[in-house]
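Each remark here refers to the structure printed beneath this line.
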Number of protein chains: 2
Amino acid sequence: MSSKSQNTRNQILQAAWKLLEADRGKGVRIADIAKQAGVSRQAVYLHFTKRADLLIETTHFIDHHKDLEGRLRPSRNAATGIERLALFVDAWCHYIVEIYPVAKALLAMSATDSDAAAAWDNRMKAMKHGCEAVINDLKRDKNLSSQMSAKESVDLFWTLLSVRNWEHLTLDCGWIQSKYVAHIKQLSRQLLIAKI
Amino acid sequence: MSSKSQNTRNQILQAAWKLLEADRGKGVRIADIAKQAGVSRQAVYLHFTKRADLLIETTHFIDHHKDLEGRLRPSRNAATGIERLALFVDAWCHYIVEIYPVAKALLAMSATDSDAAAAWDNRMKAMKHGCEAVINDLKRDKNLSSQMSAKESVDLFWTLLSVRNWEHLTLDCGWIQSKYVAHIKQLSRQLLIAKI
DNA sequence: CGTCAACTTTACACCGTGTAAAGTATTCAA
DNA sequence: TTGAATACTTTACACGGTGTAAAGTTGACG
């Protein structure tokens, strides 16, 4: 845990992040990451127990680096449910773009590695609580649509904001980020907020 | 191409289908499929060039077995766009349940195998044409919502019906199939059809 | 009887992950 | 100044799954 050790660890995380972002098709191997970090392949295993572990730690590295907490703060401090909805969508959609490369690799691993699956699941459950908070505030303000139950609203909102939907709309449909955000915001309003 | 050869081929496809449906976590290997089909592992390679090829052929096998074409026919013959929308959603949502196990394996392979990726892409593009046909009929009937362009409506409808959204709502949110279908139908109406 | 097709058997190369262990270089402390 | 701890390198290897190669077996059919 010396500062030198910490430094190497950070270089590995930085390398993983960089390579995953640049990833064209063929997956990123441990050996690639080690090379990029200027370190031997074995050194990676001195800092991370396995590939899944490295990817999970990379997500935390990115969270910290991009100040995820700070980004979410405005939505938590919103005065109304409607405001909170908009601010939450903004923060989350912006975050997806940054986490996506690592998320993709982590999701791919989830099929074979249960730790990877559990780690991603936790993140998505935490994000779901954010969705719940939005719905609760809308309900408090009597602004929640009566079309669905609160629970269904949360599920739907959560699904709408999924990484897979971002992937589909931006990568498969070719929507640029601003168009994606605008539509998601408009849709969530239309589906969750009571008319009049 | 003798009938005996065809028979073996079908047994392999059947075995692949069965094992993928039963798959609990750990992936299905070629050796497993061969064993289930009562055939040597090498025999699989006499009928399919590689794993991706086998999975792709399995999707076609299922299509044929479940009469996908027949299932889609009612939607094609619908008198109005609104009818077509409902019938298309019904057929497709029903189909997802059946194709999902193979789709999951194929999507997992898509990360490493470009043939798998291309094959799934083709299927999804074909399905998108079905979405387009629905939107076109709604437009023809002056029933298409003016909130979005026709192109955007297609993209949105296509995304709404994605396998990933089915996965998220049923497996992650725990919605039963009937609830999933009812909500998707209601949502597509709300988003695509002009009010009044 | 022979031959052709379909399949089996055995063996092996390849890739990427993860483990093991011996060696090296730097730091720090008694 | 010695020597022990820390952080890393180097080399080697086991494992699991895919795909290839080639010789051997079986049965059908002219």
Side-chain angles (χ1 to χ4, degrees), chain A residues 1-16 19-20 23-58 102 104-117 119, chain B residues 1-16 19-20 23-58 102 104-117 119:
Chain A
M1 294 269 180
S2 73
S3 84
K4 184 182 176 190
S5 173
Q6 271 297 318
N7 195 46
T8 301
R9 188 186 141 96
N10 283 342
Q11 275 178 321
I12 294 168
L13 291 168
Q14 192 78 52
L19 290 183
L20 286 166
D23 185 26
R24 303 268 164 264
K26 288 203 63 179
V28 177
R29 293 158 300 185
I30 301 270
D32 299 331
I33 293 168
K35 194 173 185 180
Q36 172 70 33
V39 109
S40 73
R41 190 172 70 91
Q42 300 326 305
V44 175
Y45 288 102
L46 295 175
H47 292 274
F48 308 94
T49 65
K50 51 178 182 168
R51 196 171 180 279
D53 183 37
L54 170 54
L55 293 181
I56 293 163
E57 293 304 313
T58 305
V102 190
K104 193 180 171 185
L106 203 50
L107 280 165
M109 285 216 71
S110 297
T112 54
D113 188 298
S114 61
D115 288 342
Chain B
M1 294 269 181
S2 74
S3 83
K4 183 180 178 192
S5 172
Q6 270 299 317
N7 195 46
T8 301
R9 188 187 142 94
N10 283 342
Q11 277 180 320
I12 294 168
L13 291 168
Q14 193 78 53
L19 290 183
L20 286 167
D23 185 27
R24 302 267 165 267
K26 287 204 63 177
V28 177
R29 293 157 301 186
I30 301 268
D32 299 330
I33 293 168
K35 194 173 187 180
Q36 172 70 29
V39 108
S40 73
R41 189 172 72 91
Q42 301 326 304
V44 174
Y45 287 101
L46 295 176
H47 292 273
F48 308 94
T49 65
K50 50 177 183 169
R51 196 171 180 278
D53 183 36
L54 170 55
L55 293 180
I56 293 164
E57 292 305 312
T58 305
V102 190
K104 192 180 170 184
L106 202 52
L107 280 164
M109 285 216 70
S110 296
T112 54
D113 188 296
S114 61
D115 288 341

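Below, read A as the first sequence line, B as the second, and so on, with proteins coming before strands; counting in each chain starts at 1. Everything numeric here is computed off the predicted structure, so don't read it as measured data. All values below come from the heavy atoms of this structure, side chains included, with hydrogens, waters and symmetry mates left out.
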**Distance, nearest 0.5 Å, that separates NZ of K35(A) from CZ of R41(A)** = 13.5 Å
**Asked** What's the CG-C1' distance between D32(A) and dC15(C), to the nearest Å?
**Response** 12 Å
**Complete:** Value for OG1 (T49(A)) from CG (D115(A)), rounded to nearest 0.5 Å, stands at 7.5 Å
**salt bridge (Lys or Arg N to Asp or Glu O under 4.0 Å) between D113(A) and K50(A), worked out** = CA-CA 10 Å; D113(A) 188 298; K50(A) 51 178 182 168; 2.8 Å; yes
**Message:** Once rounded to the nearest 0.5 Å, what's the spacing between atom OG1 of T8(B) and atom NE2 of H47(B)?
**Reply:** 5.0 Å
**Asked** How far does CD1 of I56(B) sit from CZ of R51(B), to the nearest 0.5 angstrom?
**Response** 11.5 Å
**Prompt:** OP1 or OP2 of dA6(C) sitting under 4.0 Å from any side-chain N/O of H47(B)?
**Reply:** no
**Request:** In whole angstrom, give the distance that lies between atom CZ of R9(A) and atom C1' of dC8(D).
**Result:** 16 Å
**Request:** Round to a whole Å and report the spacing from CG of L55(A) to C1' of dT17(C).
**Result:** 13 Å
**Value in whole Å for how far the C1' atom of dC7(C) lies from CG of N7(B)** = 13 Å
**Asked** At what distance, to the nearest 0.5 angstrom, does OG1 of T58(B) lie from CG of L54(B)?
**Response** 4.5 Å
**Request:** Could you state the atom-to-atom distance from CD1 of I33(A) to C1' of dG16(C) in whole Å?
**Result:** 12 Å
**Request:** Summarise how protein sits on nucleotides 12-29 of chain D as a single string, 5' to 3': B when a protein heavy atom is under 4.0 Å from the base, S for sugar-phosphate-only contact, - for no contact.
**Result:** B----SBBBB--------
